[in-house]
Amino acid sequence: MLRWNSIPTMPEKPYDHRQIELKWHARWENADFYKADEDSARPKFYVLEMLPYPSGTLHIGHIRNYSIGDALARYKWMRGYNVLHPMGWDAFGLPAEQYAIRTGQHPRKTTEANIAVFKRQIKALGFSYDWSREIDTTAPGYFKWTQWIFLKLYNSWFNPATGKAEPIETLPCPPECAGSPDALRQHRDGKRLAYVTEAPVWWCEELGTVLANEEVVEGRSEVGGFPVTRRPMRQWMLRITAYAERLLRGLEQIDWSDSLKEMQRNWIGRSDGAEVQFRLADAPSDIPEADRAILVFTTRPDTLFGATYMVLSPEHKLVDLITTPEQRAAVADYKAEVARKSDLERTELARQKTGVFTGAHAVNPVNNEKIPIWIADYVLASYGTGAIMAVPGHDTRDLEFARKFNLPVRLVVQAPGGADSTGFVGDGVSVNSGFLSGLPTPEAKTKINAWLEEKGLGRATVNFKLRDWLFSRQRYWGEPFPILWKPAPGGAFRHEAIPESALPLQPPDLTDFKPAATGEPPLARAKDWVCLPDGSRRETNTMPQWAGSCWYYLRFTDARNDAQFCGAGPERYWMGTAPGQAAGKPGVDLYVGGIEHAVLHLLYSRFWHNVLFDLGYVSTPEPFFKLVNQGLILGEDGQKMSKSRGNVINPDDILREYGADALRLYEMFMGPLEMVKPWSTKGVEGVYRFLGRVWRLFVDEKSETEFEQHQTAHGQDDPESLARVELSRAIRDVPPTPTQLKTLHACIKKVTEDLDGFRFNTAISALMVFVNDAITWETKPAAVMREFLVLLHPFAPHLAEELRSKMAGPNAAATIAYEPWPAFDPAVLAEDTIEMPVQVNGKLRDKIIVPIGAPEADIRAAALASEKARQFMEGKPVKKVIIVPRRLVNIVV
RNA sequence: GCCGGAGUGGCGAAAUGGCAGACGCACAGGACUUAAAAUCCUGGGUCCGUAACAGGACGUGCGGGUUCGAGUCCCGCCUCCGGCACCA
């Protein structure tokens with residue numbers, strides 16, 4: 001056993017992980033084993049883990065993420081694939097900037113320091129990254145291309161006719177714009193995929209910036225949990241809504257978990273319905289013709305006969321026009337009250353419905369009935385048309401409102417089974433609905449839609465919950481927009497793209513990073529940077545953190561290209577669309593990361609990718625073909641890890657005690673990869689013991705003593721000491737016995753199948769089963785042991801490399817990484833006889849041994865002859881004997 | 001409320017409709033040791049039963065069902081985790 005004499009209190013280690021890891025890190029570093037190469041004839045495999053934001057220290061959860069990717073990368077190399085497995089840093093973001101605000105230290109400094117720590121920790125874990133492709137999203141050579149992609153968005157529009165993004169120049173010029181450059185310009189600006197708008201946005205006081213819908217959770221910022229409020233501001237938006245349908249449909253072609261796809265579907269929120277026009281009744285003469293109708297969106301046009309009132313959102317533009325003098329004060333009060341409420345309050349105490357009558361009426365187009373128009377904050381200005389027809393008979397919210405304000409309820413859908421139809425919201429049969437009566441709901445919908453269309457009163461339409469992406473932030477530490485504001489006649493300023501040749505646009509140096517309460521970005525302080533000699537000014541907002549991570553997987557295919565964001569050749573090769581590559585699975589072959597980015601990063605990057613695809617810059621419609629989400633690791637107490645709970649596990653401590661192999665192995669062994677699991681340091685100890693058993697399986701005990709003595713004499717880190725360790729004498733070049741072969745091939749089969757199915761926990765248990773068996777063998781055939789090391793390598797690469805180097809002899813390759821993966825031979829596992837359980841009435845009573853190919857009659861006879869089984873059949877006639885070949889026998893009495 | 005996912009020993013878990021609990025942790029007993037650590041061996045769902053070995057009954061959140069046979073399939077519930085939530 002190893003004894004670390006210098007530290008007498010430390011328990012003895014099963015093996016010296018430290019020396020082994022140091023040795024192999026140096027070799028991997030120097031030899032470029034994991035460098036990816038586009039020229040290979042082998043099939044490609046692109047495996048990618050979500051880029052980390054380099055914060056203070058690596059989290060134990062990152063390691064689960066990377067261990068999964070690394071095991072697959074190593075496995076695929078051994079299966080003969082040409083693997084691309086890169087790593088980088090998504091390093092723009094709030095924490096570095098918050099730190100800068102507190103301390104005055106430039107975020108660049110903090111970021112560099114954090115990257116250094118992350119890199120050291122990741123390297124200490126021995127992951128197989130191609131470091132020559134390392135990316136830092138904050139490096140000018142990288143964000144140059146982020147800005148370039150922004151310009152593509154800015155200079156494109158979405159053509160509904162082709163369903164694609166196209167250069168803005170192809171936008172047809174409407175007749176009224178002909179000959180007026182100003183009008184044309186306005187027309188174009190209204191269609192760009194990146195556009196400026198003055199709209200209510202989420203403002204976070206504490207962070208001093210606006211946030212996207214996706215970054216606001218229950219009225220608070222996703223980062224930090226600070227309250228957010230609605231506030232109108234001039235902001236940059238990306239027209240992701242144009243891609244709602246594409247983003248929805250694209251999900252069908254990719255291999256993601258159902259739950260993740262469902263989260264994206266919910267967020268996009270497609271809903272099929274109809275728009276219906278309700279004309280105002282007795283409209284005052286001062287209302288222009290265009291405003292004499294209210295457009296509503298409904299998913300239930302079939303219930304039109306049940307509409308007994310209408311509701312506008314308090315912010316609806318018609319409210320002030322239609323309100324009668326008697327109701328004016330009440331309406332004004334209500335609007336003021338709603339405006340005072342924060343959105344948090346609006347959702348939190350949303351239980352009691354509120355609203356007021358406007359005094360105005362509209363006409364229900366199907367029956368010419370006059371119905372009252374109310375305003376209420378349960379109707380949202382931002383969804384649909386901001387107005388509804390209320391059908392209290394068949395809508396929960398309308399019913400609640402109608403009951404509170406004594407509005408009539410009319411039933412127009414009969415619930416199936418004759419149940420009470422009040423408040424029934426499902427599909428039934430139309431009643432009391434004129435020409436719709438008697439029709440089942442789906443047919444009633446079709447019929448009324450046709451009727452509305454014919455009368456010019458409405459049409460079938462689709463609505464989405466997805467909103468455009470608020471893309472600007474009032475921060476310093478982000479990509480500056482490549483946009484200038486040029487003075488125009490009348491003192492206005494107009495946005496204009498800076499030329500591509502001027503990229504990257506670098507941010508100015510600042511010393512004060514504090515946000516302003518006014519919402520003016522910190523960049524505005526850099527007057528020299530902002531104001532250009534010709535009187536134009538730079539845009540002072542920056543892009544959100546998500547910008548850089550939207551496209552990094554493309555940059556990895558050609559990370560050092562100065563002329564393009566990535567070259568078409570490498571892009572096609574690694575995304576799988578180059579000539580001669582197997583089609584059908586375009587994109588990154590495996591993307592591993594946490595579920596927390598379901599509607600942020602993963603939606604945003606799909607959107608950008610779609611645009612780049614339309615414009616011909618990438619060759620696949622979707623970025624990530626296969627995606628898996630590793631589950632969160634909780635603290636040992638089963639709670640989320642956090643400093644305040646004091647249950648955070650520091651990877652450095654685990655690494656020092658148990659080594660990289662044990663840490664990685666444990667994180668893959670703890671359970672199915674997508675499951676949330678509590679941490680257990682005892683569990684790490686368990687797999688560490690397993691690795692120690694592997695070590696002892698291979699090495700000679702006496703030579704270990706020499707190893708220790710050498711260490712004592714020359715210091716713990718002397719690289720020569722490992723050379724003293726010799727291979728166990730039990731490992732010999734002898735042919736394996738059939739049992740030994742069986743043990744090996746059972747292991748090959750299980751590990752191979754489980755790796756293909758991402759079942760790391762059971763793959764590792766199969767390795768353990770092999771070791772538990774092999775440890776009892778007096779003679780260990782070298783061929784068997786060598787193959788076992790190949791199976792071990794994806795999970796514990798350091799130990800596998802070291803032991804293999806002991807076995808391989810001087811002429812072997814320098815690494816195990818390209819050894820061929822062993823093939824499983826079913827013939828080896830074939831048995832002559834098989835043990836079959838015998839059940840009586842489904843209960844296990846005995847076991848019999850029968851030859852493998854025995855005819856059913858023989859098995860039946862053997863089972864019926866069983867003494868133990870007969871005790872339970874006494875006196876009862878045998879009704880039936882079920883024989884499941886190779887499985888079991890069940891006697892029914 | 002709606003949409004996902006999950007409920008199996010003391011714990012993490014495993015099980016193409018066919019022997020429930022592989023593998024690991026923790027625990028207990030033993031070997032080695034002056035002793036400990038490490039290592040090795042053995043044990044283990046619960047209950048009844050036996051001097052012991054036998055032997056038996058029950059057992060995968062709860063209640064039904066399908067089946068020769070259900071952790072697995074179907075119906076109805078309960079609990080936990082994640083997401084969405086006045087989205088018309």
Side-chain angles (χ1 to χ4, degrees), chain A residues 1-3 8-14 217-218 257-267 269-271 273 296-300 303 311 313 346-347 350-351 353 376-380 382-391 395-398 400-401 425 463-466 595-596 598-599 631-632 634 638 666 669-672 674-687 689-690 692-693 696 750 759 761-769 771-772 775 835-847 868 871 879-882 884 886-893:
Chain A
M1 287 312 95
L2 305 185
R3 201 158 288 136
T9 52
M10 186 173 261
E12 287 178 40
K13 296 283 173 182
V217 180
E218 287 175 2
S257 71
D258 287 339
S259 60
L260 182 54
K261 286 186 182 184
E262 203 52 31
M263 281 167 77
Q264 291 218 341
R265 284 196 195 102
N266 284 342
W267 192 260
R270 182 188 159 117
S271 112
V296 304
F297 173 74
T298 175
T299 53
R300 293 300 300 271
T303 61
V311 187
S313 69
R346 233 167 125 157
T347 45
R351 304 306 143 229
K353 295 264 180 299
D377 67 354
Y378 82 92
V379 173
L380 308 174
S382 56
Y383 185 76
T385 61
I388 61 156
M389 64 176 205
V391 183
D395 182 283
T396 318
R397 297 146 302 177
D398 296 345
E400 199 189 317
F401 191 82
V425 296
N463 240 300
F464 293 95
K465 273 200 272 187
L466 185 69
I595 190 92
E596 65 274 14
V599 294
L632 197 68
L634 305 173
Y666 168 67
F669 184 61
M670 57 200 309
E674 71 280 7
M675 289 290 158
V676 177
K677 288 292 154 209
W679 175 264
S680 159
T681 302
K682 287 286 184 194
V684 186
E685 250 172 66
V687 293
R689 272 201 288 269
F690 160 71
R693 275 203 301 281
R696 288 192 302 278
K750 184 81 179 134
R759 293 180 296 268
N761 54 332
T762 49
I764 291 164
S765 81
L767 295 172
M768 289 170 169
V769 170
V771 170
N772 289 346
I775 215 149
E835 189 192 64
M836 286 179 83
V838 177
Q839 297 183 334
V840 176
N841 284 349
K843 287 196 175 148
L844 178 71
R845 296 306 180 186
D846 198 8
K847 288 173 186 181
K868 287 181 190 165
Q871 288 170 24
K879 272 207 269 183
K880 200 172 167 188
V881 179
I882 289 141
V884 184
R886 311 185 60 134
R887 279 288 180 188
L888 56 51
V889 183
N890 190 10
I891 302 166
V892 188
V893 296

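Note that the structure is a prediction, hence the values are computed from the model and not measured. Labels below follow one simple rule: chain letters A, B, ... track the order of the sequence lines, proteins then strands, and each chain is numbered from 1.
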message: Can you tell me whether the side chain of A/N266 and the base of B/C84 have a donor-acceptor pair closer than 3.5 Å?
response: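 Between B/C84 and A/N266, which were checked side chain against base, a qualifying N/O pair under 3.5 Å is absent.
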- request: Please confirm whether any donor atom in the side chain of A/K879 sits under 3.5 Å from an acceptor in the base of B/C68, or the reverse.
  value: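 Not at all, since no donor on one side and acceptor on the other fall under 3.5 Å apart.
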Reckon [X] touches a base, only the sugar-phosphate, or nothing at all at heavy-atom distances under 4.0 Å?
| X | value |
| --- | --- |
| A/F690 | nothing |
| A/K465 | base |
| A/R845 | sugar-phosphate |
| A/R265 | nothing |
| A/S259 | sugar-phosphate |
| A/K847 | base |
| A/D258 | nothing |
| A/E674 | nothing |
| A/M389 | nothing |
| A/G384 | nothing |
| A/V884 | base |

task: I would like to know whether A/Y666 and A/W679 meet side-chain contact (heavy atoms from CB on, under 4.5 Å); could you show each step before the answer?
output: CA-CA 10 Å; A/Y666 168 67; A/W679 175 264; 3.7 Å; yes
What's the gap between [N] and [M] when it is taken at their [atom1] atoms, as a whole Å value?
| N | M | atom1 | result |
| --- | --- | --- | --- |
| B/U79 | B/G30 | C1' | 43 Å |
| B/G24 | B/C77 | P | 42 Å |
| B/C19 | B/G69 | P | 15 Å |
| B/G64 | B/G71 | P | 15 Å |
| B/G63 | B/G43 | C1' | 37 Å |
| B/C75 | B/G21 | C1' | 28 Å |
| B/G29 | B/A37 | P | 12 Å |
| B/A38 | B/A28 | P | 13 Å |

field: Interatomic distance, A/K261 atom NZ to A/Q264 atom CD [nearest 0.5 angstrom]
entry: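 The NZ atom of A/K261 sits 10.0 Å away from the CD atom of A/Q264.
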Is there a side-chain polar atom (N or O) of [X] under 4.0 Å from OP1 or OP2 of [N]?
| X | N | result |
| --- | --- | --- |
| A/R887 | B/G17 | no |
| A/N772 | B/G24 | yes |
| A/S271 | B/A88 | yes |
| A/R693 | B/A38 | no |
| A/N761 | B/A14 | yes |
| A/R759 | B/A15 | no |

task: Classify the angle between the aromatic ring planes of A/F401 and A/Y378 as parallel (below 30°), tilted (30 to 60°) or perpendicular (above 60°).
output: tilted
Tell me the interatomic distance from [X], atom [atom1], to [N], atom [atom2], rounded to whole angstroms.
| X | N | atom1 | atom2 | value |
| --- | --- | --- | --- | --- |
| A/L844 | B/A57 | CG | P | 11 Å |
| A/M263 | B/G5 | CE | C1' | 12 Å |
| A/E596 | B/C81 | CD | C1' | 15 Å |
| A/L632 | B/A6 | CG | P | 18 Å |

- line: Stems with RNA chain B, 3 or more Watson-Crick or G-U pairs in a row (under 3.5 Å), are B:1-7 with B:78-84, B:10-12 with B:23-25, B:27-31 with B:39-43, B:45-48 with B:55-58, B:61-65 with B:73-77
- prompt: Is there a side-chain contact between A/K465 and A/Y383 (heavy atoms, below 4.5 Å)?
  reply: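 They are in contact (side-chain heavy atoms under 4.5 Å apart), so the answer is yes.
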- request: Taking the side chain as every heavy atom from C-beta outward, state whether A/K750 and A/L767 have any atom pair closer than 4.5 Å.
  value: no
Residue whose nearest RNA chain B nucleotide is more 5′ - A/L888 or A/W267: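 Its nearest nucleotide being more 5', the pick is A/L888.
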field: Of A/A766 and A/K880, the one whose closest RNA chain B nucleotide lies more 5'
entry: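 In this pair, the answer is A/A766.
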- request: Please confirm whether the backbone N or O of A/G842 pairs with a side-chain atom of A/N890, one donor and one acceptor, at under 3.5 Å?
  value: yes
query: Where is the tightest heavy-atom contact between A/D398 and A/A390, given as atom of each residue plus distance?
result: OD2-CA, 3.3 Å
- request: Decide, for B/G10, between syn and anti: a glycosidic angle within 90° of 0 counts as syn, anything else as anti.
  value: anti
